Amino acid sequence: MELKEISYECEVCGKKLATIWNLRRHLLIHTNEKPYVCDDCGKPFSNKQNLRCHLRIHIKEKPFDCEVCGKAFRFKGNLKSHLRIHTEEKPYDCEICSKAFTQRINLKKHLRIHTKEKPFHCEVGGKTFCQTSELRSHLRVHAKEKPYDCEVCGKAFRFKGNLKSHLILHAKEKPYACEICSKAFAQRKTLKVHLRTHTKEKPYECEVCGKSFRSKGNLKSHLRIHATEKPYACEICSKAFTQTGHLKTHLRIHTKEKPYACEICSKAFSQAIALKTHLLIHTKEKPYECEVCSKTFPRMFTLKRHLRIHTKEKPYECEICNKAFPRMFTLKRHLRIHTNEIPYEREACNKAFPRVFNFFKNIC
């Protein structure tokens with residue numbers, strides 16, 4: 001005699017369940033009823049099992065241990081997903097690009113790259129995001145929230161990852177080395193950007209003028225030129241800057257600070273680039289070569305200025321008579337014709353000269 005299998009069918013969605021108790025529990029999904037409430041935080045749940053699992057957050061219980069690395073988890077499902085790191089199993093494949101993932105949720109998030117779906121919406125600025133974690137992080141910008149504090153210097157960060165990267169600076173640890181020039185970096189992303197100096201890759205392009213940049217941060221700073229936005233103001237003289245680094249350098253004018261000293265002649269500079277340029281005097285190095293006449297120069301700026309001889313480019317134009325010049329200095333000197341300015345005065349004979357050349361040539 002065959003026993004007839006008994007099943008209980010949900011009248012809402014047609015799902016069949018083995019017991020009446022399972023059916024009752026399932027119906028709570030449709031009614032959105034959550035009768036089981038956490039006594040600690042008030043969060044409600046549709047079934048007792050979910051509440052029981054949730055309580056582990058409050059009691060810090062993690063009963064599921066990884067036998068490979070010893071890491072502990074609150075839920076069996078989390079341990080199962082974690083084990084794929086060790087087994088290198090990636091059972092969830094993207095049907096569009098074939099990229100594989102260890103978890104179904106990661107595949108789901110990835111698919112939004114292809115669908116361009118951004119379901120998470122910021123109610124303050126209207127910006128949309130692919131993931132709820134991205135929205136959560138973004139909301140800290142509006143709230144001015146920086147919950148992650150550095151215990152060494154007290155600097156605060158919006159994201160845990162940023163704090164982690166910052167702490168490497170205090171440890172003076174630079175674990176990421178360039179395989180081409182051996183230069184070491186504290187962060188992997190800094191190494192990634194550095195490698196573009198070797199590959200000449202500039203993936204971030206300005207949509208306004210077409211100029212390309214190695215890093216997203218450099219493009220962001222550049223865009224302020226077009227927007228004429230200068231959010232960083234000097235508290236002493238009120239001069240504003242597009243980048244915080246430029247403000248920091250500017251402040252040394254007021255503080256007279258020159259932290260970059262030459263190891264050969266001890267001459268000090270306010271900027272690292274100025275020291276780097278100065279060192280070329282000692283090394284006699286001229287790394288920038290003109291492709292037209294092969295003349296070499298110690299600085300890129302000097303080479304660019306020299307190239308105007310070949311291109312006949314004259315970017316500096318007089319607003320009064322429209323005469324153009326290849327150098328800013330030449331334009332400034334020309335303007336004295338219109339202003340009648342004679343800046344070079346010799347006290348001995350009370351003679352004045354419009355150009356420094358005339359000042360030294362004519363002796364009283």
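Since this is a predicted model, take the numbers as computed values, not measurements.
Side-chain contact between Phe120 and Arg112: present, with at least one pair of heavy atoms (C-beta onward) separated by less than 4.5 Å. The closest side-chain heavy-atom distance from Cys97 to His114 is below 4.5 Å. Looking at His166 and Cys153, their side chains come closer than 4.5 Å, going by heavy atoms from C-beta outward. Counting heavy atoms from C-beta outward, Cys53 and Arg74 have side chains that stay 4.5 Å or more apart. With contacts defined as side-chain heavy-atom distances shorter than 4.5 Å, the pair Tyr148/Lys160 qualifies. Residues Pro44 and Glu33 are not in side-chain contact: their nearest non-hydrogen atoms beyond the backbone lie 4.5 Å or more apart. For the pair Arg327 and Arg305, the minimum side-chain heavy-atom distance is below 4.5 Å.
Side chain of Ser81 to main chain of Gly77: a donor-acceptor pair is present (N/O by atom type, distance under 3.5 Å, no hydrogens or angles). Between the side chain of Thr249 and the main chain of Gly245, a donor-acceptor pair closer than 3.5 Å is present. Not a single donor-acceptor pair under 3.5 Å links the side chain of Arg214 to the backbone N or O of Lys202. Using a distance-only test at 3.5 Å, with no hydrogens or angles considered, no donor-acceptor pair links the side chain of Arg252 to the main chain of Glu257. Within the 3.5 Å criterion, the main-chain N or O of Gln49 finds a donor-acceptor partner in the side chain of Asn47. Of the possible donor and acceptor atoms, none in the side chain of Arg140 sits under 3.5 Å from a partner among the backbone N and O of Glu145.
Around CZ of Arg104, the count of heavy atoms belonging to other residues, nucleotides or ligands within 6.0 Å does not exceed 12.
Cluster membership for Ile180 and Phe185, using ILVMFWY side-chain heavy atoms within less than 4.5 angstrom, is shared. Both Phe45 and Leu55 are assigned to one and the same hydrophobic cluster, defined by single-linkage of ILVMFWY side chains at heavy-atom distances under 4.5 Å.
Two rings, from Tyr232 and His246, have their centers 6.0 Å or more apart.
Here the OG-CZ distance, from Ser137 to Phe159, works out to 4.5 Å after rounding to the nearest 0.5 Å. A distance of 12.5 Å separates CG of Asn22 from SG of Cys10, quoted to the nearest 0.5 Å. Once rounded to the nearest 0.5 Å, the distance linking SG of Cys94 with CG of Asn106 reads 12.5 Å. The distance from atom NZ of Lys174 to atom CG of Leu191, rounded to the nearest 0.5 Å, is 12.0 Å.
Checking Arg84, His82, Glu88 one by one against His86, the side chain to side chain donor-acceptor pair (under 3.5 Å) holds for a single residue, His82. Partner Tyr316 forms a side chain to side chain contact (heavy atoms under 4.5 Å, CB included) with one of His334, Met328, Lys332 and no other, that one being Met328.
A pairwise comparison of heavy atoms in Cys178 and Leu195 identifies SG-CD2, 3.9 Å as the closest pair. Taking every heavy atom of both residues into account, Leu23 and Tyr8 meet most closely at CD2-CB, 3.8 Å.
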